[in-house]
J.: 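Starting off with a structure, shown below.
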Amino acid sequence: MNAYSRLMDGLYLLCMGIAAVALLIMVSVIPIGIFARYVLNGALSWPEPVAIVCMIIFTFIGAPVGLRAGTHICVSMVTDRLSETGQKWAQRLCNLLLIVVCLILLQASYSLCEAMWVQPLAALPAVTYGEMYLPIPIGALFTLLFVIERILNGDQSQRPLVTLGGTH
């Protein structure tokens with residue numbers, strides 16, 4: 001294992017931890033909002049936007065984890081029937097297409113964050129829309145780094161650190 005894979009191991013664990021905390025916060029604040037609305041008869045303004053921010057973080061920081069672990073949605077009906085050489089070419093094509101998608105998403109989401117950086121959320125004035133959308137370009141960058149690792153070092157989904165969560 002080379003230095004780049006060790007660096008990606010740290011990034012993988014960081015992404016997994018951030019996604020887990022975001023999910024924990026999200027599932028904690030939603031019942032608080034429900035309780036306040038239906039039991040206390042006083043709706044709170046902050047649980048829904050906090051849950052939305054956490055969902056964005058969970059989705060875009062957690063997606064690179066799923067990609068590296070090989071637990072993302074995959075339809076392999078066609079590629080499973082290809083020869084070994086055909087499967088290698090299909091994997092290369094997928095990696096190249098994923099790089100293109102990551103670069104487009106990175107550029108577009110960065111532009112979105114830049115345009116919305118000073119626009120505050122109505123329910124959470126301390127947070128701007130640009131900050132709320134920041135996990136999108138960060139997640140695209142992390143996904144790009146994991147795709148580069150897969151091109152340089154091959155599939156990482158069977159390594160002990162990656163199977164840590166027992167998802168295989």
Side-chain angles (χ1 to χ4, degrees), residues 4-33 44-76 91-159 161-168:
Y4 188 74
S5 283
R6 283 193 298 278
L7 182 64
M8 291 300 98
D9 286 346
L11 182 60
Y12 175 78
L13 293 173
L14 177 68
C15 287
M16 191 183 307
I18 290 171
V21 168
L23 183 61
L24 178 67
I25 293 170
M26 184 178 65
V27 300
S28 299
V29 300
I30 291 172
I32 291 170
L44 300 173
S45 63
W46 61 268
E48 184 180 354
V50 167
I52 290 170
V53 169
C54 287
M55 178 55 88
I56 292 170
I57 293 169
F58 173 73
T59 301
F60 288 97
I61 303 299
V65 171
L67 176 75
R68 190 173 195 231
T71 57
H72 57 292
I73 295 174
C74 176
V75 179
S76 59
Q91 183 65 41
R92 287 180 184 146
L93 177 63
C94 286
N95 287 337
L96 290 175
L97 289 173
L98 193 50
I99 287 173
V100 170
V101 168
C102 286
L103 290 173
I104 291 170
L105 184 61
L106 183 62
Q107 189 277 327
S109 60
Y110 178 81
S111 296
L112 175 67
C113 289
E114 190 175 44
M116 302 296 287
W117 195 255
V118 295
Q119 179 67 37
L121 275 79
L124 291 174
V127 178
T128 68
Y129 279 98
E131 293 166 344
M132 182 174 91
Y133 295 138
L134 198 56
I136 302 171
I138 292 171
L141 177 63
F142 291 170
T143 302
L144 181 62
L145 292 173
F146 286 134
V147 172
I148 292 169
E149 178 192 31
R150 188 164 63 185
I151 290 170
L152 296 175
N153 301 328
D155 183 36
Q156 301 293 308
S157 65
Q158 299 305 314
R159 291 190 38 237
L161 178 77
V162 179
T163 60
L164 181 69
T167 57
H168 297 320

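Bear in mind that the values here come from a model prediction, so they are computed numbers and not experimental data. Note: hydrogens, waters and symmetry copies are ignored here, and every other heavy atom, side chains too, is used.
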J.: Rounded to the nearest 0.5 Å, how far does OG of S5 lie from CG of N153?
T.: 3.5 Å

J.: Can you tell me how far apart OH (Y4) and CG (L145) are? Round to the nearest 0.5 Å.
T.: 4.5 Å

J.: I'd like to know if R68 pairs up with D9 as an ion pair, taking the criterion as any Lys NZ or Arg NE/NH1/NH2 lying under 4.0 Å from an Asp or Glu carboxylate oxygen.
T.: yes

J.: Indicate yes or no: at least one non-hydrogen side-chain atom of L7 is less than 4.5 angstrom from one of L11.
T.: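 Side-chain contact under 4.5 Å: no.
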
J.: Could you go step by step and tell me if M116 and E131 meet the side chain to side chain contact (heavy atoms under 4.5 Å, CB included) rule?
T.: CA-CA 8 Å; M116 302 296 287; E131 293 166 344; over 6 Å; no

J.: Compare every heavy atom of M132 with every heavy atom of V127, then report the nearest pair and how far apart it is.
T.: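 For V127 versus M132, the nearest heavy atoms are CG1-N, 4.3 Å.
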
J.: For A123 and P49, work out which heavy atoms get closest and say how close.
T.: CB-CG, 3.4 Å

J.: Going from CD1 on I151 to CG on N95, what distance comes out if it is rounded to the nearest 0.5 angstrom?
T.: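 I151 atom CD1 to N95 atom CG measures 4.5 Å (nearest 0.5 Å).
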
J.: How far apart are the C-alpha atoms of L93 and L97, what are their side-chain angles, what is the distance that settles it, and do they pass the side chain to side chain contact (heavy atoms under 4.5 Å, CB included) test?
T.: CA-CA 6 Å; L93 177 63; L97 289 173; 4.0 Å; yes

J.: Between atom CG of L14 and atom CZ of F142, what is the distance when rounded to the nearest 0.5 Å?
T.: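 Taking CG in L14 and CZ in F142, the distance rounds to 6.5 Å.
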
J.: Could you check whether any side-chain heavy atom of W46 comes within less than 4.5 Å of a side-chain heavy atom of V29, counting everything from C-beta outward?
T.: yes

J.: Please table the atom pairs, donor to acceptor, closer than 3.5 Å between any side-chain atom in residues 98-109 and protein atoms at least two apart or in another chain.
T.:
| from | atom 1 | to | atom 2 | distance (Å) |
| --- | --- | --- | --- | --- |
| Q107 | NE2 | S111 | OG | 3.2 |
| S109 | OG | L105 | O | 2.6 |
| S109 | OG | L106 | O | 3.4 |

J.: Going from CD1 on I18 to SG on C54, what distance comes out if it is rounded to the nearest 0.5 angstrom?
T.: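 Between I18 CD1 and C54 SG, I get 12.0 Å after rounding to 0.5 Å.
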
J.: Any chance you could measure M8, atom CE, to Q156, atom CD, to the nearest 0.5 Å?
T.: 10.5 Å

J.: Kindly give the heavy-atom pair with the smallest separation between P64 and G139, and that separation in Å.
T.: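 Residues P64 and G139, closest heavy atoms: CG-O, 3.7 Å.
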
J.: Do T128 side-chain atoms and W117 backbone N/O form a donor-acceptor pair below 3.5 Å?
T.: yes

J.: Closest approach of P120 and P125, non-hydrogen atoms and distance?
T.: CB-O, 3.7 Å

J.: Please report the shortest heavy-atom distance between I61 and C15, naming the atom on each side.
T.: O-CB, 3.5 Å

